[in-house]
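Comments concern the structure below.
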Amino acid sequence: MTIEPAITKLRNAAELISEAVNELSALLQSTGTEEQSAPADESSVALEANIAPTAETEPETPNLSFEDVRGILADIARAGNREGVKSLLEKYGASKLSALDPKCYADILKDAEVLRNA
C-alpha cells in the first residue's frame, strides 16, 4: 500500500476545511454588525433600573488559530497573490507565518481581506 492516496485525501480534506472556515468567518463577520447593537440596549436597561452600567469593554476578537490564518492566507496565495501575502507577513515583522506573533492574527486577516477582494 502506498501513502500517496492517503496524502491526496488529506490535502482534499484540508482544502474543504479551509473553505468551511472561510465561509463561517464571512458569516460571522456579516452578523457581527447586527450583534453590536445589543450591548447598547443592555446599558439603557441598566440605566432605567438605576443600576450603574458596566464599563465598556473592547469587542472580543475571535480566537484565531495558526491553522485558521494559514488556511486563509494560503487561499489568497493560491488565487495568485503570493507576493501580497509575503508583503503582509513582512509588514507584521515575520519572514514566514510560523514566525508571526499570534496577537497579529486578527490584524493580518483584516489586511488580507483587501488582497482577497483585489
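Because the structure is a prediction, the values reported are computed rather than measured.
Atom CZ of Arg82 sits in a sparse spot, with 12 or fewer heavy atoms from other residues, nucleotides or ligands closer than 6.0 Å.
The structure places CG of Leu100 at 6.0 Å from OH of Tyr105, a figure rounded to the nearest 0.5 Å. Rounded to the nearest 0.5 angstrom, Tyr92 OH and Asp111 CG are separated by 3.5 Å. Distance CD1/Ile76 to CG/Leu115: 5.5 Å, rounded to 0.5 Å. With values rounded to the nearest 0.5 angstrom, Ile72 atom CD1 is found 7.5 Å from Glu113 atom CD. Residue Glu90 holds its CD atom at 8.5 Å from CD of Glu83, rounded to the nearest 0.5 Å. How far CG of Leu109 is from CG of Leu64: 5.5 Å, rounded to the nearest 0.5 Å.
When every heavy atom of Ala94 is checked against every heavy atom of Ala99, the shortest pair comes out as CB-C, 3.9 Å. Of all non-hydrogen atoms in Ala112 and Leu73, the two that sit nearest each other are CB-CD2, 3.8 Å.
The backbone N or O of Gly84 sits less than 3.5 Å from a side-chain atom of Asn81, completing a donor-acceptor pair.
Leu89 and Phe66 end up in the same hydrophobic cluster when Ile, Leu, Val, Met, Phe, Trp and Tyr side chains are linked at under 4.5 Å.
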